[in-house]
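Each chain gets a letter, A, B and so on, in the order its sequence line appears, and its residues count up from 1. Below, all heavy atoms of this structure are taken into account, side chains as well, without hydrogens, waters or symmetry copies.
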Amino acid sequence: MDVIETKNLTKYYGKIKGVEDLTFSVKKGEIFGFLGPNGAGKTTTIRTLLGFLKPTRGEAYIFGKNIEEDIVEIKREVGYIPGDLNLYGHLTGKQFLDYFASLRDTDMSLLDGLLEIFEVPLERKIKGYSKGMKQKLGIIQAFMDDPDLVIMDEPTASLDPLLQQKFYEFLHKQKKKGKTQFFSSHILSEVDKICDRVGIIRDGKLVALEDIETLKSKKGKIIRLRIKEKPEAFKGPKDMNIKDGWIQFVASDDVDRWIKLLAKYTILDLEINEFSLEDIFIHYYKGET
Amino acid sequence: MNNIDPIRILRCKIALQTMKDYQKITIILTLLFMGIAVMYSSMYPAFKDVMADMVESGFAESFAAFRGSEDMASYVGFLNIELYQIFWLLIFGILVGFIAASLISKEIEAKTIDLFMSNPVSRKQIVFEKYLGLIPLILIINFATMITVYGVTLAVNEELNFENLFMTHIISIPYFMAVAGIGLVVSVIINEKMKASIIMIAVLVGMFVFESISLMIPDYESMGLISITHYFNPYDILKLGKVDVVGVIVLFVVIIECLIISMLYFEKCDIAVS
């Protein structure tokens, strides 16, 4: 049995499309990356799965239970970190965690460990927290009762790099214990670092469902340069293009080769950029969107 | 649909938290209404003669929008108009409605509802417990006001039937719970806290106007039926010990209907963000 299973899950806000015909499944023990640009429908999908929005069409199951019938039972085993995290400002961190623990009504087996990794000023009122502190509290509450599935909507957005690293390590530990994680993000490098499998969503539709290795093969760097010699003289790949004196081409995995080639020219200017999600779409999924 | 373990519901954690959230406002309002009660009940001896003149000169007719205005010169009549009709029925009613209308809308507007609902709680349970959590505020202010009126009446040595006073405050409970119920309905439908509260005030003031018109113009008597204030008459209870049984039943029907409507509506609706 898959942990999450959706069949043609569709959500319209009136006439406006949220997501359409999503069919995918998340297996037990995997970190599933849910990748898409802003506004693609990631949050709509998540909020539908959690029962905040009623599906217009289609169905979804979590732990084999229908989200429209057993949502309360489902939530006993599911943790959640919202993308737009809003907490009760008038409570202290401790009061907030106590309140949520009382609603979960189960053993908070990971709480102490989490508080060690993600330090927050527990006695201070949440309205005095910084964005990062709030995010840490959001992570703590999602994992504190060690749920079998945690759904995260861009959870690393307000964490500094050091904490992001700690967070990834923590996710990895949870994965080793057989816990399932659903991780939405618009940052490609993050997803390919931690996820096993990736669903790519664009304009409300699932455009690809891939193993992370397949996605990695689609990575690349965009190299832009100006040289003193004639741009046409540059021996780049066939699909390079030249515009306003700038040469631009994609280097998939062999940066070294290109750097050595570049050394033969007189470089006036040079930019090397990571492939963005949009570039992936443009280069690989053009026909599918 | 949702199999809810009854024991989990009985723990009432949401209600408890709601109560704690309103702790400060409960204390402030309790002190405020105790103060108002002290002011009006102790003021009467000084106003006694003035009130008598007013009733004789016909000035009291300008209070015809309130029940029991003809009896304004007596202690009970004075208390009824100044304290119970204005500050109790109307002002405290508006305050209770204002707060109730923000019960759910507050969480939706602040978007705290998302994380809150990720806990294993059903939507019906959220609505019901939030409502439950508001009741202590009503009870505490209600009985604190009653004890204050009782104490000051003894101190100024005026005549008041204390059994009737007790009954008035007992019937106050379903009245304010019904007002809170209407507020709850507004709260689940309107997703902005201030908008919900203002609409609720408009509803209550509108009801009050209808009831006033029905009292002043005999031809329009039936207009008062749609007003919640029609079903709770402090003057009859305070002065005559007469409890409007049908009125009380109507109040309870309103409470139950509002709860059912709120729960069903909230169960079916999408929780919108932004």
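Sparse packing is recorded around OH of Y150(B), with 12 or fewer heavy atoms of other residues, nucleotides or ligands lying under 6.0 Å away. Atom OH of Y13(A) is surrounded by more than 12 heavy atoms from other residues, nucleotides or ligands within 6.0 Å. Environment of NZ in K205(A): sparse, with no more than 12 heavy atoms of neighbouring residues, nucleotides or ligands closer than 6.0 Å. Within 6.0 Å of CZ on F252(B) lie no more than 12 heavy atoms contributed by other residues, nucleotides or ligands. Heavy atoms of other residues, nucleotides or ligands lying less than 6.0 angstrom from CZ of F143(B) number more than 12. Other residues, nucleotides and ligands contribute at most 12 non-hydrogen atoms within 6.0 Å of the NZ atom of K24(B). Counting heavy atoms of neighbouring residues, nucleotides and ligands inside a 6.0 Å radius, atom NZ of K125(A) does not exceed 12 of them. Within a 6.0 Å radius of NZ in K193(B), no more than 12 heavy atoms belonging to other residues, nucleotides or ligands are found.
At a threshold of 4.0 Å, the pair D270(B)-K11(A) counts as salt-bridged, since one of the basic side-chain nitrogens sits closer than that to a carboxylate oxygen.
Counting heavy atoms from C-beta outward, I14(B) and Y99(A) have side chains that approach closer than 4.5 Å. Counting heavy atoms from C-beta on, the side chains of P120(B) and R104(A) come closer than 4.5 Å.
Rounding to the nearest 0.5 angstrom, the gap separating the CG atom in L50(A) from the CG atom in L115(B) is 10.5 Å. Atoms CD1 and OG, on I74(A) and S118(B) in that order, are 13.5 Å from each other to the nearest 0.5 Å. Note that CD of E129(B) is 8.0 Å distant from CG of L103(A), once rounded to the nearest 0.5 Å. One finds the CG atom of N119(B) at 7.5 Å from the CD atom of Q141(A) (value rounded to the nearest 0.5 Å).
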**Chi angles and distances behind the salt bridge (charged side-chain N to carboxylate O under 4.0 Å, His left out) call for D84(A), K111(B)** = CA-CA 8 Å; D84(A) 188 3; K111(B) 296 177 189 173; 3.1 Å; yes
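The candidate with the highest count of non-hydrogen atom pairs below 4.5 Å against chain B, out of H90(A), Q95(A), E77(A), is H90(A).
Within the 4.5 angstrom heavy-atom criterion, only side-chain atoms of L85(A), from C-beta onward, approach chain B. The contact between L91(A) and chain B is made entirely by side chain atoms (from C-beta outward), counting heavy-atom distances below 4.5 Å.
Using the six-membered ring where Trp is involved, F116(B) and F100(A) have ring planes that are tilted, between 30° and 60° apart.
At least one donor-acceptor pair closer than 3.5 Å links the side chain of R47(A) to the backbone N or O of I271(B).
Of all non-hydrogen atoms in K75(A) and V121(B), the two that sit nearest each other are NZ-O, 4.5 Å.
For D114(B) and Y80(A), the side-chain atoms include at least one donor-acceptor pair closer than 3.5 Å.
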